[in-house]
Amino acid sequence: MERTQFTAEVIRQIKSIPAGYVSTYGMIAAMAGNPRAARQVARVLHSCSARDALPWYRVINAGGNISLPRGGGYERQKALLQREGIVFDETDRVDLQRFMWTMPA
DNA sequence: AACCTGACTTCGG
DNA sequence: TCCGAAGCCAGGT
């Protein structure tokens with residue numbers, strides 16, 4: 001697998017998300033240098049999460065929701081996040097204002 | 001090299 | 001606030 005500088009940076013960013021926080025595909029893409037490549041982040045996630053021991057479950061979409069389908073990993077991801085203290089509201093959404101991780105100054 | 005695809009995002013109705 | 005359509009990009013085929 002070839003890893004572009006972008007991909008390598010995406011991996012680094014994902015690894016930097018601390019427990020108890022989440023980030024979005026778009027945010028990671030932006031931090032990796034390409035705000036438009038959110039979809040690539042998803043690709044990196046499902047292809048390198050195991051190999052690079054990435055905390056894949058800390059990545060959700062811009063709407064504060066888990067992007068995996070019910071029965072297709074959704075429950076697992078939600079459980080992992082709740083285990084770290086992330087709170088889901090009645091519509092299974094996460095309060096990004098409160099849990100989204102942002103690079104420290 | 002061209003075409004297809006997706007764990008996304010954004011905008012308009 | 002919710003739904004659909006269009007845009008965007010790197011990788012895989």
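By convention in this document, chain letters (A, B, ...) are assigned in the order of the sequence lines, proteins followed by strands, and residues within each chain are numbered from 1.
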Worksheet item: Does Glu75(A) come within less than 4.0 Å of Lys78(A), counting only side-chain N to carboxylate O?
Response: no
Worksheet item: So, Asp89(A) side chain and Asp95(A) main chain: donor-acceptor pair closer than 3.5 Å or not?
Response: no
Worksheet entry | Distance-minimising heavy-atom pair for Leu96(A) and Ala62(A) | CD1-O, 3.2 Å
Worksheet item: How is Arg76(A) classified with respect to the nucleic acid when contacts are heavy atoms under 4.0 Å: base, sugar-phosphate, or nothing?
Response: nothing
Worksheet entry | Rounded interatomic separation in angstrom, taking CE from Met27(A) and C1' from dT10(B) | 14 Å
Discussion item. Output the rounded distance in Å from NZ (Lys78(A)) to C1' (dA7(B)).
Written reply: 17 Å
Worksheet, complete the sentence: In whole angstroms, the gap separating P of dC8(B) from CG of Leu45(A) amounts to 10 Å
Practice prompt. Determine yes or no for a side-chain-to-main-chain donor-acceptor pair under 3.5 angstrom, with Arg93(A) supplying the side chain and Gly64(A) the backbone.
Written response: no
Worksheet entry | Where protein sits on nucleotides 4-10 of chain C, one letter per nucleotide: B base, S sugar-phosphate only, - none, heavy atoms under 4.0 Å | ---BBBB
Worksheet item: Roughly, in whole Å, what's the span from CD1 in Ile11(A) to C1' in dA7(B)?
Response: 16 Å
Practice prompt. Could you state the atom-to-atom distance from CE of Met100(A) to C1' of dT9(B) in whole Å?
Written response: 13 Å
Worksheet entry | Value in whole Å for how far the C1' atom of dA7(B) lies from CG of Leu80(A) | 14 Å
Item to complete: For Tyr57(A) and Arg76(A), run side chain to side chain contact (heavy atoms under 4.5 Å, CB included): C-alpha distance rounded to whole Å, both residues' side-chain angles, the deciding distance at 0.1 Å, then the answer.
Response: CA-CA 9 Å; Tyr57(A) 54 86; Arg76(A) 181 174 46 155; over 6 Å; no
Worksheet item: Among Val10(A), Val44(A), Val41(A), which residue meets the side-chain contact (heavy atoms from CB on, under 4.5 Å) test with Tyr25(A)?
Response: Val41(A)
Worksheet item: Taking CG from Asp92(A) and P from dA7(B), how many angstroms apart are they, rounded to a whole number?
Response: 20 Å
Item to complete: Whole angstrom is fine here: how far is it from NE2 in His46(A) over to P in dG6(B)?
Response: 9 Å
